[in-house]
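A short worksheet on the structure shown next.
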Amino acid sequence: MGSLPLSLDLPSPPLGKPPHLQLLSETTLLNLFKSQQNHLNYFFQNLDFSQALSFTQALLNSRGTIFFSGVGKSGFVARKISQTLVSLDIRSSFLSPLDALHGDIGALSSADVLVLFSKSGSTEELLRLLPCARAKGVYLISVTSVSNNALANACDMNVHLPLERELCPFDLAPVTSTAIQMVFGDTVAIALMGARNLTKEQYAANHPAGRIGKSLIFKVKDVMKKKDELPICKEGDLIMEQLVELSSKGCGCLLVIDDEYHLLGTFTDGDLRRTLIKASGEAIFKLRVGDMCNREPRTIGPDAMAVEAMQKMESPPSPVQFLPVIDHQNVLIGIITLHGLVSAGL
């Protein structure tokens with residue numbers, strides 16, 4: 001078998017534009033955005049808010065799971081709105097109309113609500129699902145944009161989303177209808193969030209990997225360095241003998257303690273530079289950490305929120321890069337650094 005070539009002669013990207021394409025001007029794009037804005041304004045101006053309120057109240061009163069379903073682009077919207085509700089601590093799930101007819105309908109119960117998104121209200125997959133869902137005792141709600149449609153007539157409730165037309169020049173590609181579905185669903189989700197009195201802490205608990213969640217969940221003790229990671233020394237130690245400790249722990253400081261681990265002060269890279277400027281000759285070799293350390297450093301407790309530590313580091317009169325962590329008896333138990341907070345996603 002011959003060896004493979006080390007490189008391939010790939011065709012260069014074409015220059016210019018294919019002959020059948022027209023140049024896209026800024027004016028054309030601007031007019032499209034303005035047209036979409038007008039179509040969305042039509043939706044807001046003509047939405048029946050009594051229907052929107054009844055819909056929101058039905059979801060709020062649900063004793064079970066709020067299921068969403070749809071096909072195609074409407075299916076993507078339905079899935080997204082369901083995921084939004086889940087993130088807001090509301091029990092919800094997406095039900096594929098195809099999979100529902102092959103066993104997944106077993107997830108439905110009489111305590112549930114099933115919301116069906118369809119622009120036309122004539123989606124065959126949803127119409128086939130309807131009688132099976134009704135047999136399970138589910139409360140059925142359709143969200144459509146065409147008046148007097150089959151889906152609306154068969155459901156317990158219908159919400160009409162006014163649609164002037166699609167932005168598509170052929171009035172076919174569902175780009176405006178899906179936009180108003182998304183706006184409607186997400187707005188209702190926030191209304192439910194307010195009605196259920198969801199707290200910021202509850203929201204954060206559902207987003208532990210995000211910056212919001214971390215800022216509301218992580219405490220200082222969760223992200224601080226401790227034990228062998230601490231750059232510690234005694235106040236009687238010679239400064240020149242502590243340079244390795246100062247630089248090796250990656251904190252930019254020394255934590256000065258007594259024999260009982262009480263925090264006495266801190267000695268930073270900046271303190272070292274000032275020491276080198278002031279001292280001369282052999283005097284520098286005789287200086288002890290206690291002679292030059294800061295006896296009143298900013299500190300924080302282990303149960304404080306990590307975001308509070310960051311705020312304390314950045315507070316006047318000048319920002320600092322670290323905070324010693326002490327208990328109520330001023331015993332050193334750790335150190336939290338700005339680099340550590342940033343690395344933790346805060």
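FYI, the numbering just counts along the sequence from 1.
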Kindly check if the number of other-residue, nucleotide or ligand heavy atoms within 6.0 Å of CG (D303) is above 12? yes
Closest non-hydrogen atoms of G121 and L127, given as atom of the first, atom of the second and distance, are O-CD2, 4.5 Å
So CG of L108 and CZ of R134: to nearest 0.5 Å the spacing works out to 12.5 Å
Value for CD1 (I336) from SG (C251), rounded to nearest 0.5 Å, stands at 11.0 Å
Inset, instruction - Decide side-chain contact (heavy atoms from CB on, under 4.5 Å) for I239 and F267; before the verdict, give the C-alpha distance in whole Å, the side-chain angles of both, and the deciding distance to 0.1 Å. - result: CA-CA 9 Å; I239 291 177; F267 183 84; 4.0 Å; yes
Those residues at least two apart in sequence (or on a different chain) that pass ring-ring contact (aromatic ring centres under 6.0 Å, His included) with F94 are none
Check: Have S25 and T28 got a donor and an acceptor in their side chains that come within less than 3.5 Å?
Finding: yes
Closest heavy-atom pair, V86 versus S92, reported as atoms and distance to 0.1 Å, is CG2-O, 3.3 Å
Output for pair (F117 CZ, I141 CD1), nearest 0.5 Å, gives 9.5 Å
Correct closest heavy-atom pair for R295 and E235 would be NH2-OE1, 2.9 Å
Closest non-hydrogen contact found for I90 with R196 is CG1-NE, 3.4 Å
For S35 and N38, which I'm curious about, is there any donor-acceptor pair between the side chains at under 3.5 Å? no
In this structure, CG of L130 is separated from CZ of R128 (nearest 0.5 Å) by 12.0 Å
**Prompt:** Side chains of V307 and L341: does their closest heavy-atom pair fall under 4.5 Å?
**Reply:** no
query: Is a salt bridge present between D112 and K136, judged by a nitrogen-to-oxygen distance below 4.0 Å?
result: no
Self-check item: Validation row: L161, L47 side chains within 4.5 angstrom (heavy atoms)
Solution: yes
From the list V188, V143, I81, L140, side chain to side chain contact (heavy atoms under 4.5 Å, CB included) partner of V115 resolves to V143
Quick one: are L264 and C293 in side-chain contact, heavy atoms under 4.5 Å?
no
Apart from Y42 itself, its cluster of hydrophobic side chains linked below 4.5 Å comprises none
Indicate yes or no: at least one non-hydrogen side-chain atom of T56 is less than 4.5 angstrom from one of L192. yes
Taken to the nearest 0.5 Å, the spacing of L95 CG from L116 CG works out to 9.0 Å
Are the side chain of S82 and the backbone of S93 linked by a donor-acceptor contact shorter than 3.5 Å? yes
K249 vs E229, test: side-chain contact (heavy atoms from CB on, under 4.5 Å). Steps then yes/no. CA-CA 6 Å; K249 298 296 177 67; E229 299 176 290; 5.6 Å; no
Report task. Flag the pair F218 / M305 as yes when at least one side-chain heavy-atom distance between them is below 4.5 Å, and no otherwise. Result -> no
Exercise. For the residue pair L40 and I180, establish whether any side-chain heavy-atom pair is separated by less than 4.5 Å.
Key: yes
task = Please test V325 against K221 for side-chain contact (heavy atoms from CB on, under 4.5 Å), starting from the C-alpha separation and ending with a verdict.
result = CA-CA 8 Å; V325 184; K221 61 186 176 184; over 6 Å; no
| message | Under a 3.5 Å cutoff, is there a donor and acceptor pairing between the side chains of S142 and T144? | response | no
Thinking salt bridges, do K312 and E308 make one under a 4.0 Å N-O criterion? no
Polar contact flag, side-chain donor to acceptor under 3.5 angstrom, T337-Q321
no
Given the rule in the ring pair (Phe, Tyr, Trp, His ring centres under 6.0 Å) test, do F184 and F43 qualify, once you have shown the distances and angles that lead to the verdict?
CA-CA 10 Å; F184 175 77; F43 161 72; 7.0 Å; no
Residue pairs meeting side-chain hydrogen bond (donor to acceptor under 3.5 Å, both in side chains), one or both in residues 94-106, sequence neighbours left out, come to none
| task | List the steps, then state whether side-chain contact (heavy atoms from CB on, under 4.5 Å) holds for D291 with V289. | result | CA-CA 5 Å; D291 298 330; V289 176; over 6 Å; no
Only one of Q36, H39, Q181 passes side-chain hydrogen bond (donor to acceptor under 3.5 Å, both in side chains) with T176, and that residue is Q36
Besides I232, the hydrophobic cluster formed by Ile, Leu, Val, Met, Phe, Trp and Tyr side chains linked at under 4.5 Å, directly or via other members, contains L230, L255, I257, Y261, L263, F322, I326, V331, L332, I335
Smallest heavy-atom separation, S118 atom then L151 atom, equals CB-CD2, 3.9 Å
Could you check whether any side-chain heavy atom of E245 comes within less than 4.5 Å of a side-chain heavy atom of C233, counting everything from C-beta outward? no
Using a 4.5 Å side-chain heavy-atom cut-off and chaining through intermediate ILVMFWY residues, the residues clustered with F170 come out as L172
Here the pair of heavy atoms bringing D271 nearest to R274 is OD1-NH2, 2.7 Å
* Donor-acceptor under 3.5 Å (N149 side chain, V146 main chain) -> yes
Residues 59-73 vs side-chain hydrogen bond (donor to acceptor under 3.5 Å, both in side chains), sequence neighbours excluded, gives Q57-N61
Going by heavy atoms in the side chains, are V320 and L323 under 4.5 Å from each other?
-> yes
When rounded to the nearest 0.5 Å, the distance separating CD of Q37 from CG of L167 is 12.0 Å
- Task: Please answer whether the main-chain N or O of P324 pairs with a side-chain N or O of R298 as donor and acceptor at a distance below 3.5 Å.
- Result: no
Check: Between D237 and K234, does at least one N-O distance fall below 4.0 Å, as a salt bridge requires?
Finding: no
Strictly below 4.0 Å, N to O, side chains only: are K119 and E166 in salt-bridge contact?
yes
